[in-house]
Structures are given as C-alpha cells and as structure tokens.
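Just below is one structure, and these are the notes that go with it.
A note on names: the letters A, B, ... follow the listed sequences, proteins ahead of strands, and every chain is numbered from 1.
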Amino acid sequence: MSFQIPRGTQDILPGEVEKWQYVEQLARDICRRYNYQEIRTPIFEHTELFLRGVGDSTDIVQKEMYTFEDRGGRSITLRPEGTAAVVRSFVENKMYGQPNQPVKLYYIGPMFRYERPQAGRFRQFVQFGVEALGSNDPAIDAEVIALAMNVYQSLGLKKLKLVINSLGDVESRKAHRQALIDHFQGRITELCEDCQARLEKNPMRILDCKKDRDHELMATAPSILDYLNEESRTYFAKVQTYLTKLGIRFEVDPRLVRGLDYYNHTAFEIMSEAEGFGAITTLCGGGRYNGLVQEIGGPETAGIGFALSIERLLAALQAEGILLPISARIDCYVVALGEKAKEEAVSLVHALRQAGITAEKDYQDRKVKAQLKAADRLQAQYVAILGDDELEKQIINVKNMKTGEQTEVPLASFVQYVKNALV
RNA sequence: GCGGCUAUGGCGAAGUGGUUAACGCACCAGAUUGUGGCUCUGGCAUGCGUGGGUUCGAUUCCCACUAGUCGCCCCA
C-alpha cells in the first residue's frame with residue numbers, strides 16, 4: 001500500500017521551502033512598515049459565515065467549498081478565502097471599538113477550494129492578504145494597493161500590470177445593472193449560454209466574458225464608469241490621484257469585475273505579463289467592501305483589502321527568471337576519524353551550535369574523503385578535521401574550503417577561532 | 001464541472017507484444033590505508049502510475065481509476 005498526496009495539494013520540500021520563508025518574511029516586514037498587524041484565524045469556520053460573507057451566488061460558494069458536518073452536527077467549511085474570517089473576528093472581538101482606527105490587519109495561511117487544478121491553481125494554496133477596516137479615506141485604498149505592489153517590486157518583479165476599476169456604491173451599481181439588462185435583453189440569445197444565465201444573476205459578469213468579448217454588444221455596453229454617482233466618481237478620482245502621487249502606474253478597466261459579492265467602489269487586480277505564464281495571470285485581487293462588516297453583524301464599517309497567492313508569486317518570479325538571495329550554507333563541518341575523535345566531534349559540534357554557528361558532522365560512518373565530500377556538498381565554509389594525531393596534541397585542523405588553507409588551532413580555542421573566521 | 005495531452009530508477013530521458021529495460025545527472029565504492037570540487041573504474045529499476053482485460057506471453061494493445069499538464073469556466 002502506498003499513498004499519494006491529495007489532488008491539487010503539494011509538499012513544499014527543503015530547497016523550495018526557503019523561498020516561501022523568504023517571501024513570507026518579506027511580506028511581514030513590509031506589513032510592519034505599513035503598520036499592519038498579523039491576525040490568525042481558524043482554518044475552518046461555520047459554513048454560514050461564507051454564505052453570508054462571500055455571497056451564496058458566487059462560484060466559490062456554489063461549487064468550490066470544502067464543506068462537511070462535524071461530529072456535533074455543525075456545518076463546517078475549510079476557509080476558501082480570508083476576508084470573511086477576518087471580518088468575523090473584527091466583529092466578534094469588537095475591534096471597531098479599538099482606539100486605533102482604521103484597524104489594519106494581515107494574514108498568511110492556507111485556503112481551500114475544490115477546483116480542478118492546473119498551473120497556478122490548487123485546492124490548497126497560501127494567501128497573503130491585508131485588510132484595513134474603519135476608514136473611508138481613498139488614501140487607504142491607495143495604501144493597500146501600494147503595499148501589494150511593494151511586495152512584488154521588492155522581489156524584483158517587473159512585468160506587472162495593475163488594473164483598477166470602480167464598482168460604485170449600491171445606488172450606482174443598481175443603475176448600472178438596470179442599464180446592462182436593458183442593453184443586452186433584446187439580443188441576449190446572440191451571446192453564449194453562460195452570459196444568458198448571467199443576465200439575471202449578475203449582468204456585470206457578462207462584460208468579463210472571454211467568449212463574447214468581441215461581440216458588438218460588448219463595445220457598446222454601458223460602462224459602470226458612466227453610472228457612478230457624484231460621490232462614487234469623486235472617490236474613484238481621488239484614489240487615482242493618490243496612486244499617481246505614489247508613482248504607481250495603473251490602467252483603468254471598466255470591465256474589471258471581482259468574483260466575490262462583497263466588493264464595491266475600488267476593485268483592483270495585479271497581473272503578470274511575463275512570457276509563457278499560462279492562462280492564469282492574476283497574481284493579486286482586492287477591493288473595497290463597505291457593506292461586509294454589517295452583513296456579518298457588526299456596525300456599519302468601511303473596509304478594503306487584497307489577497308495574493310504565494311504560489312503564483314513564486315511562479316511569476318520563475319517566469320521572470322528572478323533568483324531569491326537564499327543561502328543554505330553550513331558554517332562548519334566537523335570531520336572525525338577514529339573512535340576517540342568521533343566522540344570528541346559530538347561535543348565540538350554541540351559547542352559550535354551553542355555559539356550560534358551552523359555546524360554539522362557525519363552520521364553515516366563515512367571515511368574522511370567522503371566526509372569532506374559531504375562537507376563540500378553542504379557548501380561548508382570551514383571544515384574542522386580531528387584525528388588521533390590532533391587529539392593527542394590537543395589541536396584541530398581547520399580548513400577554509402574556499403581557499404584550501406589549513407590551520408592548526410588549539411582545541412580549547414576552536415569555537416572562538418571559527419566564530420572569528422566567519423565574521 | 002467540460003475537452004485535449006501525458007505517466008518508465010532520486011531527477012531527466014530512450015525503448016520493445018517474447019530470455020539480461022539504453023543513456024545522462026545524482027548517489028555509493030575504489031584508484032588516493034587522514035583531506036572536497038577534476039579524471040578514471042565499478043555499483044545502482046525482479047521494475048516501466050494503480051487495478052482489470054486481450055494474449056501462450058504485456059512496460060509495450062484495450063478499459064477503468066488515480067495524478068499531472070494545457071485549455072474552458074472561475075479565481076489567488
């Protein structure tokens with residue numbers, strides 16, 4: 001009997017995991033600079049939270065959730081995204097009453113969606129996301145977008161495209177929705193089946209259709225931007241002003257729609273334009289969700305955030321040929337030969353480690369030559385060689401692997417010697 | 001959820017309806033009885049994703065399943 005990893009999941013092994021650590025560390029560091037604090041919520045929640053939060057007409061809820069009944073008869077769902085849970089926690093812990101507003105949070109963790117896997121799409125994937133709750137200042141929209149761009153740019157990604165749009169407020173959206181229905185209704189049969197279904201459910205999505213994108217009705221379709229009321233228009237203009245001030249280049253795409261129900265006003269997406277990146281180019285998606293806190297049972301509170309996938313970020317790095325500055329070097333490898341020396345080596349390695357030095361030794365009972373080879377493979381900077389001769393003289397031979405030079409060092413000052421040599 | 005392609009050692013990759021399944025990398029050992037990166041020599045899959053079927057015989061043909069991959073849908 002042998003086992004296979006579940007579909008759409010992956011093991012992140014040594015050699016690969018360092019990249020994750022690097023990226024996650026960078027994300028945390030950037031959040032610290034922007035004054036966002038980490039929040040950790042459970043990996044599963046009551047199903048109802050996502051029905052309300054994400055929206056029960058969305059694809060995520062309708063066909064992609066990992067939902068099950070627990071032993072107590074509760075309906076539980078593995079979180080498919082992060083925002084609903086953060087908002088739940090915000091409300092449950094009454095963070096709206098905190099002195100510091102807006103409340104600025106971030107999270108990094110696995111999300112689960114039952115989808116058909118392909119490049120850049122998994123059933124378990126890791127999202128890094130931020131949420132700013134409690135401010136209606138367009139400057140916070142710009143800040144959130146800037147934070148996301150900062151993450152990518154700090155890693156050296158160049159082939160990025162930021163697309164923004166405004167979905168308007170409830171009033172604007174309603175007007176636009178009606179205009180869309182009026183526009184398409186008469187000739188809806190000319191569009192694809194999916195679009196025909198969308199007309200009733202969510203006519204905005206028709207604009208996003210890839211099949212019908214060249215249909216003449218698309219070009220003449222009413223743009224959301226023409227239906228924004230005064231307030232929404234001003235808000236969107238402000239966001240753009242701030243982005244420009246921050247030196248962030250963007251494109252306005254009135255057809256950009258987000259897949260989750262809770263968005264309004266600012267919506268944005270960051271895409272990779274790297275060659276051969278495949279069908280899935282979206283690296284990051286986000287937007288404003290002013291009604292969500294109330295929907296989850298809290299007071300009327302503004303909110304904006306984004307989520308990005310670490311998997312896609314790493315794929316973008318690879319597509320652009322960017323190598324992360326990761327070093328897996330070992331400081332000192334202790335080679336021992338002979339029983340006495342082997343015993344001593346155990347203590348020496350221990351002493352090095354106590355001193356904060358990355359140290360390793362042989363556990364395969366290999367010969368000197370093979371131990372040296374192992375040290376070389378581990379990219380050890382120094383190798384300390386201990387045999388009977390050295391033991392007798394109470395010294396140890398320390399070899400610089402780069403230069404090949406070898407020095408006799410008194411055993412008593414060995415750790416100190418290595419420590420100094422490494423500086 | 002729909003359609004196409006793929007599945008051989010740790011990795012890459014050839015191959016055939018019939019005794020021993022190329023090769024490269026990696027790994028192990030030796031040449032060098034205490035010194036790595038180069039070189040040379042030798043070793044390393046009772047096994048060809050899993051389960052059935054066809055056949056005297058299948059890694060090779062057929063079916064199902066599983067997984068990956070590309071595209072659609074959707075999305076991070």
Exercise for the section: Return no unless some side-chain N or O of A:Arg7 is found under 4.0 Å from OP1 or OP2 of B:G68. Expected result: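 Yes.
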Under the side chain to side chain contact (heavy atoms under 4.5 Å, CB included) test, which residues partner [X], sequence neighbours left out?
| X | answer |
| --- | --- |
| A:Ala315 | A:Phe277 |
| A:Ser347 | none |
| A:Glu64 | A:Asp59, A:Ile60, A:Arg113, A:Glu115 |
| A:Ile181 | A:Arg177, A:Gln178, A:Gln185, A:Leu199, A:Pro203 |

Handout entry: Qualifying ring pair (Phe, Tyr, Trp, His ring centres under 6.0 Å) pairs, either residue in residues 126-159 of chain A, two or more places apart
Key =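 Counting only pairs at least two positions apart or across chains, the ring pair (Phe, Tyr, Trp, His ring centres under 6.0 Å) contacts touching residues 126-159 of chain A are A:Phe128-A:Phe306.
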With heavy atoms under 4.0 Å as the rule, sort [X] into base, sugar-phosphate or nothing.
| X | answer |
| --- | --- |
| A:Gly129 | nothing |
| A:Gly8 | sugar-phosphate |
| A:Ala119 | sugar-phosphate |

Practice task
Tell me which of A:Phe125 and A:Arg366 sits closer to the 5' end of RNA chain B, going by the nucleotide each one is nearest to.
Solution key: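 Nearest nucleotide further toward 5': that of A:Arg366.
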Exercise for the section: Quote, to the nearest angstrom, the P distance that separates B:G17 from B:A13. Expected result: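 It comes out at 22 Å once rounded to the nearest Å.
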Problem - Distance between P atoms of B:G37 and B:U32 (Å, rounded) - result: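 My reading of the P atoms in B:G37 and B:U32 gives 15 Å.
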Practice task
Test A:Gln124 against A:Thr9 for side chain to side chain donor-acceptor pair (under 3.5 Å), laying out the working first.
Solution key: CA-CA 5 Å; A:Gln124 174 175 333; A:Thr9 64; over 6 Å; no
Give each protein N/O atom lying under 3.5 Å from an N/O atom of nucleotides 3-5 of chain B, with the pair distance.
unit_1: B:G3; atom_1: O6; unit_2: A:Arg116; atom_2: NH2; d: 3.0

Exercise for the section: Mind checking ring-ring contact (aromatic ring centres under 6.0 Å, His included) for A:Tyr114 and listing every partner two or more places apart, or none if nothing turns up? Expected result: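 Result, ring-ring contact (aromatic ring centres under 6.0 Å, His included) vs A:Tyr114: A:Tyr66.
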Handout entry: Per-nucleotide protein contact string for nucleotides 30-37 of chain B (B base, S sugar-phosphate only, - none; heavy atom under 4.0 Å)
Key = S-B-BBBB
Problem - Test side-chain hydrogen bond (donor to acceptor under 3.5 Å, both in side chains) applied to A:Asn93 - qualifying residues, sequence neighbours left out - result: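 A:Asn93 satisfies side-chain hydrogen bond (donor to acceptor under 3.5 Å, both in side chains) with A:Ser89 once adjacent residues are dropped.
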Handout entry: Partner set under side-chain hydrogen bond (donor to acceptor under 3.5 Å, both in side chains) for A:Gln416, not counting sequence neighbours
Key =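 side-chain hydrogen bond (donor to acceptor under 3.5 Å, both in side chains) list for A:Gln416, sorted by chain: A:Asn420.
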Protein-nucleic acid N or O pairs under 3.5 Å, nucleotides 6-8 of chain B:
none

Validation: residues 141-151 of chain A side-chain donor-acceptor distances under 3.5 Å, sequence neighbours left out:
unit_1: A:Asp141; atom_1: OD1; unit_2: A:Tyr235; atom_2: OH; d: 2.6
unit_1: A:Asp141; atom_1: OD1; unit_2: A:Arg288; atom_2: NE; d: 3.3
unit_1: A:Asp141; atom_1: OD1; unit_2: A:Arg288; atom_2: NH2; d: 2.7
unit_1: A:Asp141; atom_1: OD2; unit_2: A:Tyr235; atom_2: OH; d: 3.4
unit_1: A:Asp141; atom_1: OD2; unit_2: A:Thr266; atom_2: OG1; d: 2.7
unit_1: A:Asp141; atom_1: OD2; unit_2: A:Arg288; atom_2: NE; d: 3.1
unit_1: A:Glu143; atom_1: OE2; unit_2: A:Tyr36; atom_2: OH; d: 2.7
unit_1: A:Glu143; atom_1: OE2; unit_2: A:Lys104; atom_2: NZ; d: 2.8
unit_1: A:Asn150; atom_1: OD1; unit_2: A:Ser154; atom_2: OG; d: 2.9
unit_1: A:Asn150; atom_1: ND2; unit_2: A:Tyr34; atom_2: OH; d: 3.0

